[in-house]
Amino acid sequence: MPMKFSTHHSFHAGLLAAALQFVTPGCDGEVAVSINVDGPSWGTCGNGLLETGEQCDDGAANGPGQLCRTNCQFNVCGDGELSPHEECDDGQANGNDAACTALCKHNVCGDGLVGPDEACDDGNDDDDDGCSNTCALPTCGDGVAQADEDCDDGNAVDDDECRNNCTAPVCGDELVQPGEACDAGPDNSDAGDCTLACALATCGDGRVHAEGSGVEECDDGVDNGPGHACLAGCILNVCGDGDLGPDEECDDGNAVSGDDCSPLCAFEECGNGVLDPGEQCDDGEDNGPEGACRINCTPALCGDGILAVVEACDDGNNVNGDGCNANCTLPKRVFVSSTVYTGNMGGLAGAAAACNARAAAAGLGGTWDAWLSSATSTPLARFNRTTTGYARIDGVTIADDWADLVDGTLDAPISLTEFGSTFSGSVWTGTNPDGTAGLYMCLGFTTTETYNADVGTSSSNTSTWSKSGSPNPCSASRRIYCFEQ
């Protein structure tokens, strides 16, 4: 039987399925099904039913500002409509750097997002970490001391406890800060009007104020005063100012001698090292019997029998020819050797060694050389020429000086040995009386062969003392003259 539906309103598919359950299969006939549906029409947004194509349908509650919009779509962040769970929604204008963030929240200071009216936003409430609590970049003068600022008092006063460049006030910044008497900046100086401690220079501060308006000669601070190196007026304590300074023996306020206080502020007395009136000399601590100046400040005198440091000898007289010259100088000593030698003495060096050996044997000391010549060396060229004269071992003068020695004659013969015994006889010389080389010299006194050498006579004070008669054969044994050098 054919079925017949009579509907007057739109219906829900679920209701139709329920109605068909009452239809008997195979039954031929016409069944009339009448469905009575109350409510809104089927497939309409706003009917309160979630239908195909709808995300939501709250019926009459749909609309702007609701969870379900008028078009039955969810009200979501970024759709431009403000939902109950959103603080804001500017649609495509939402963003982390916009007034409304991507999460539809107001962009506010402290959320960690830099909004359009913010210079920074570090998301914390720390006010001195490079971004303030008002989301502004820190600046000197904002009253908050940042890490790179010494201070920040938030005012424009430059001479208080914090300067306008947010640095702590220091001595030398050219601003007179609390506790400073002055500040000349780079011109501060401990010698100037304003010291390195930003204090006005004053006498007694221990700094010599000698620059700028300063005229101080010294400043020892609390040590200034009478009897000190620096007086109370910061002037030097000098000899003659009447104030006894630490290095003065006396100070009578003048520079006059003869008043017991010398112009050098030392007592005028023998032994002070200053030649005071009435003194002939004064060597201070060196005054004494053996000094150049005696204890009584009179000079040492040659011939007083006291050996002074400036004297080579002093035998108590001013007579020459007694071993000590009249001027207290020593003559060079001369002797004829007590031993004999052939013409081969090992050259001039060997002869000099023989002289030194004989002097040492007699305890004479000194340095000696032989009056001998070779083809290349002579007494004239080799000997040290003295101005104090030459004398025998007994002190008898044989010549007043070198010129007197080589003028051809002697004041007395060289007739005493190193031991003081007398000898008269031939002496090897190979030398003329003027100190030059003779014609014969045993090849420089190195041979005993068939050569000869000139000889002198020790008992003579004429030119024959150095060259007399015929030369002697080098094989002979003769003595030699020894001269102290």
Side-chain angles (χ1 to χ4, degrees), residues 320-323 331-345 348 350-364 366-374 378-380 382-383 386 389-442 445 448 452-485:
N320 287 324
D322 58 0
K332 295 296 183 182
R333 295 167 292 177
V334 181
F335 64 82
V336 59
S337 67
S338 61
T339 55
V340 296
Y341 308 91
T342 67
N344 184 3
M345 287 176 267
L348 302 187
C355 283
N356 281 284
R358 299 319 308 150
L364 300 180
T367 302
W368 302 77
D369 200 356
W371 182 266
L372 298 174
S373 293
S374 69
T378 65
L380 181 66
R382 192 174 70 248
F383 275 26
T386 184
Y390 296 88
R392 294 186 315 212
I393 299 304
D394 61 358
V396 174
T397 300
I398 65 165
D400 296 332
D401 51 32
W402 174 263
D404 189 27
L405 177 66
V406 295
D407 66 358
T409 61
L410 299 177
D411 296 343
I414 308 173
S415 56
L416 294 184
T417 70
E418 66 272 22
F419 295 106
S421 58
T422 302
F423 169 74
S424 177
S426 296
V427 182
W428 292 121
T429 65
T431 305
N432 296 317
D434 62 1
T436 60
L439 294 177
Y440 306 99
M441 58 192 78
C442 293
F445 293 93
T448 57
N452 298 312
D454 291 320
V455 294
T457 301
S458 63
S459 59
S460 172
N461 62 352
T462 65
S463 61
T464 58
W465 77 271
S466 184
K467 186 174 183 178
S468 63
S470 301
N472 288 193
C474 295
S475 58
S477 295
R478 300 286 183 261
R479 305 191 187 209
I480 56 177
Y481 291 128
C482 295
F483 281 70
E484 188 179 17
Q485 300 301 298

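F383 meets the ring pair (Phe, Tyr, Trp, His ring centres under 6.0 Å) test with W371, F483; sequence neighbours excluded. For A354, the side-chain contact (heavy atoms from CB on, under 4.5 Å) criterion is met by Y341, I480, not counting sequence neighbours. For the salt bridge (charged side-chain N to carboxylate O under 4.0 Å, His left out) test, no residue two or more places apart in sequence or in another chain qualifies with D434. Applying the side-chain contact (heavy atoms from CB on, under 4.5 Å) test to L410 and every residue at least two apart in sequence or in another chain returns L405, I414, N461, W465. Qualifying salt bridge (charged side-chain N to carboxylate O under 4.0 Å, His left out) partners for D411, counting only residues two or more places apart in sequence or in other chains: none. Every residue meeting the side-chain contact (heavy atoms from CB on, under 4.5 Å) condition with D322, not counting sequence neighbours, appears here in chain and number order: D315, N317, V319, C324. Considering only residues two or more places apart in sequence or on other chains, D394 meets the side chain to side chain donor-acceptor pair (under 3.5 Å) condition with R392. Among residues two or more places apart in sequence or in another chain, the side-chain contact (heavy atoms from CB on, under 4.5 Å) test is passed with T462 by S460, T464.
Minimum heavy-atom separation, L348 to S374: CD1-OG, 3.6 Å. Nearest heavy atom pair, residue T339 against residue R358, reads OG1-CD, 3.7 Å. Of all non-hydrogen atoms in P331 and A391, the two that sit nearest each other are CG-CB, 3.6 Å. E418 approaches V336 most closely through the heavy-atom pair OE1-O, 3.6 Å. The shortest heavy-atom contact between G430 and S373 is O-CB, 3.4 Å. When all heavy atoms of T436 and L380 are compared, the closest pair comes out as CG2-CD2, 3.7 Å.
Here the straight-line distance linking atom NZ of K332 with atom OG1 of T367 works out to 8.5 Å at 0.5 Å rounding. Taken from CH2 in W428 to CE in M345, the straight-line distance is 7.0 Å, to the nearest 0.5 Å. Y390 OH to D400 CG: the interatomic distance, rounded to the nearest 0.5 Å, is 11.5 Å.
Side chain of D401 to main chain of G389: no donor-acceptor pair is present (N/O by atom type, distance under 3.5 Å, no hydrogens or angles). Side-chain N or O atoms of T429 include one that pairs as donor or acceptor with a backbone N or O of S466 at under 3.5 Å. Remark: side-chain polar atoms of D454 are paired, donor with acceptor, to backbone N or O of L439 under 3.5 angstrom.
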- Decide yes or no on side chain to side chain contact (heavy atoms under 4.5 Å, CB included) for W368 and N356, but give the supporting numbers first. CA-CA 5 Å; W368 302 77; N356 281 284; 3.6 Å; yes
- Tell me, with the steps shown, if T457 and V427 meet side chain to side chain contact (heavy atoms under 4.5 Å, CB included). CA-CA 6 Å; T457 301; V427 182; over 6 Å; no
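Within the structure, every pair that satisfies the side-chain hydrogen bond (donor to acceptor under 3.5 Å, both in side chains) test and touches residues 474-485, not counting sequence neighbours, is listed here: R333-E484, N472-R478. Listed by first and then second residue, the disulfide bond (SG atoms under 2.5 Å apart) pairs that reach into residues 455-485 are C355-C482, C442-C474, sequence neighbours excluded. Sorted pairs that involve residues 395-433 and meet disulfide bond (SG atoms under 2.5 Å apart), not counting sequence neighbours, are lacking altogether. The ring pair (Phe, Tyr, Trp, His ring centres under 6.0 Å) analysis of residues 399-422, with sequence neighbours excluded, yields no pairs.
In this structure, a donor-acceptor pair under 3.5 Å is present between the side chains of S459 and S424. Using modelled atom types and a 3.5 Å distance limit, the side chains of T448 and T342 yield no donor-acceptor pair.
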